[in-house]
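Structure first, commentary second.
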Amino acid sequence: MSSLSAPDFCLHHTLSAGQTFCWQFAPDTGFWQGYILQNPCRIRQQDSSLHFEGSVTKNQIRDYFSLHPAWTARLKQLPDDPHLNKARLHVHGLRCVREDWFECVCNFICSSLKQIPQIQSINRELRQRYGQALPHGGWSFPGPQALARLTETDLRQCRMGYRARHLLTTARQIDTGAFDWHQIARLNTDEASLHLQQLRGVGPKVASCILLYAAARYDAFPVDVWVQKLMHELYFPKRRQAPSLKQIDKISRLHFGPLRGIAQLFLFHWYRTSYPR
DNA sequence: TGGCAGGGGTTGA
DNA sequence: TCAACCCCTGCC
């Protein structure tokens, strides 16, 4: 068992915030079991220390959980907003993960009209059916090439329903080179979002999630029904109708600035788990 | 036990 | 703008 210091970090908030779907919590041992860059590992937090075992390195853990001083510095740049301040207090230690990009694409294509446990189940099925057994246990997440070889019927066995067609087309778009992930680095976030939306099953919401959780684009602002609800309730309580997606996009830029994605992360997780109703 | 509504979007008409 | 898309869960 190895350890590393992780002050101002909460493993539990970070892994239950709907950013990543390859982790499972074992309440009896207090360990989270999952994968970092195809490395199976078990991690437990005790105060400000992380104890872990598996084939993962300390630096991989630091990169995955954004355990860098830059993160703390970034938080200081968030606006002084009463709701956001409350959210930051309630879900203190929540950080943005840095997920593998292809796994992130697949997770969020499968996330439409699905709840977290179902997305986790699809991730497990994809690994066990179409990944490879890893030397230290567990299964790799299949790459685009492996998925592109499959049929829609194969993918439907992972209980993803109509999303199978989307996932298969996307895997083939990537495998044939019709879509190039590395383009993202050369584009600003709005352009990168449009680039991602060339992939089948990727709309504005899924594209923003991919940019935020796999490309560390902290100005990406995913708007789902929860964010729409919280923006309405917290920021426009007098309006009868919920603000439109376009209005929320505009307001979030003005109100939260270039780190609006981090603001979204805190508000979303707080609203879903601790917001008093 | 079974029927029904609804859910963390996207597509295509 | 809106129905259709699958499957799972919670509720009655």
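Here the structure is a predicted model, which means the values were calculated and not measured. Below, read A as the first sequence line, B as the second, and so on, with proteins coming before strands; counting in each chain starts at 1.
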Dump the pairs, protein N or O against N or O of nucleotides 2-4 of chain B, anything under 3.5 Å, distances to one decimal.
none

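- Checked against the 6.0 Å centroid threshold, A:F108 and A:F21 count as a close aromatic pair.
- Put simply, CG on A:L245 is 14 Å from P on C:dC2, counting in whole angstrom units.
- Within 6.0 Å of CD on A:E53 lie more than 12 heavy atoms contributed by other residues, nucleotides or ligands.
- Between the CD atom of A:Q198 and the C1' atom of B:dT10 there is a distance of 16 Å, given to the nearest Å.
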Item to check | Worked check of side-chain hydrogen bond (donor to acceptor under 3.5 Å, both in side chains) between A:Q45 and A:H12 | outcome: CA-CA 8 Å; A:Q45 181 163 24; A:H12 196 73; over 6 Å; no
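- With salt bridges taken as basic N to acidic carboxylate O contacts below 4.0 Å, none links A:R88 and A:D81.
- In this structure, A:F268 reaches the bases: a heavy-atom distance under 4.0 Å links it to at least one base atom across the strands shown.
- In this structure, A:G201 reaches the sugar-phosphate backbone alone: every heavy-atom distance under 4.0 Å involves primed, P, OP1 or OP2 atoms, never a base.
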Next on the checklist: Working note: A:Y271 + A:E233, criterion side-chain hydrogen bond (donor to acceptor under 3.5 Å, both in side chains); need CA distance, chi angles, decisive distance, verdict.
Outcome noted: CA-CA 10 Å; A:Y271 189 77; A:E233 195 172 332; 2.5 Å; yes
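- Taking 4.0 angstrom as the limit, A:R159 places a side-chain polar atom (N or O) nearer than this to OP1 or OP2 of C:dC8.
- A tilted orientation is assigned to the rings of A:F65 and A:F9, their planes being inclined by 30° to 60°.
- Note: CG (A:L167) to P (B:dT11) measures 13 Å, nearest angstrom.
- Among the heavy atoms of the strands lying under 4.0 Å from A:L199 are primed sugar atoms or P, OP1, OP2 only; no base atom is included.
- Atom CD1 of A:I248 is separated from atom P of B:dG9 by 13 Å (rounded to the nearest Å).
- Comparing A:Q115 and A:E152 by the nucleotide of DNA chain C that holds the closest heavy atom to each, the one mapping nearer the 5' end is A:E152.
- Comparing C:dC8, B:dT10, C:dC6 by their closest approach to the side chain of A:R156 singles out C:dC6.
- Mapping A:P117 and A:L113 onto DNA chain C via the closest heavy atom, the residue that lands nearer the 5' end is A:L113.
- The stretch residues 114-134 of chain A participates, sequence neighbours left out, in no ring-ring contact (aromatic ring centres under 6.0 Å, His included) pair at all.
- Nucleic acid contact for A:V227: none, since no nucleic acid atom lies under 4.0 Å from a heavy atom of the residue.
- Put simply, CD on A:Q120 is 15 Å from P on C:dC8, counting in whole angstrom units.
- Dense packing is recorded around CG of A:N188, with more than 12 heavy atoms of other residues, nucleotides or ligands lying under 6.0 Å away.
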Checklist outcome for this item: Secondary structure of DNA chain B per the Watson-Crick/G-U criterion (both distances under 3.5 Å; [ ] crossing, | other strand, . unpaired) is .||||||.|||||
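- Using bins of under 30°, 30° to 60° and over 60° for the plane-to-plane angle, the ring pair A:F141/A:F102 lands in the perpendicular bin.
- Taking atom P on both nucleotides, B:dA5 is separated from C:dA3 by 15 Å, rounded to a whole Å.
- Rounded to a whole Å, the CD1 atom of A:I122 is 13 Å from the C1' atom of B:dG7.
- The residue among A:F21 and A:Q197 whose nearest nucleotide of DNA chain B is located toward the 5' end is A:F21.
- A:R165 has no side-chain polar atom (N or O) that falls below the 4.0 Å cut-off from OP1 or OP2 of B:dT10.
- Comparing C:dC8 with B:dT11, their C1' atoms sit 22 Å apart, to the nearest whole Å.
- For the OP1/OP2 pair of B:dT10 and a distance below 4.0 Å, the side-chain nitrogens and oxygens of A:R200 include no atom meeting the criterion.
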Checklist entry - Can you list the steps and then say if A:H255 with A:M231 is a side chain to side chain contact (heavy atoms under 4.5 Å, CB included)? => result CA-CA 11 Å; A:H255 194 69; A:M231 290 297 285; over 6 Å; no
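- Nucleotide B:dT10 holds its C1' atom 15 Å from the CG atom of A:L194, rounded to whole Å.
- Using a 4.0 Å heavy-atom distance criterion, A:P222 is classed as making no nucleic acid contact.
- Checking B:dG9, B:dT10, C:dC7 against every side-chain atom of A:P204, the shortest atom distance belongs to B:dT10.
- With rounding to whole Å, A:Q157 atom CD is found 18 Å from C:dC8 atom C1'.
- A distance of 11.0 Å separates CZ in A:R98 from CG in A:L212, rounded to the nearest 0.5 Å.
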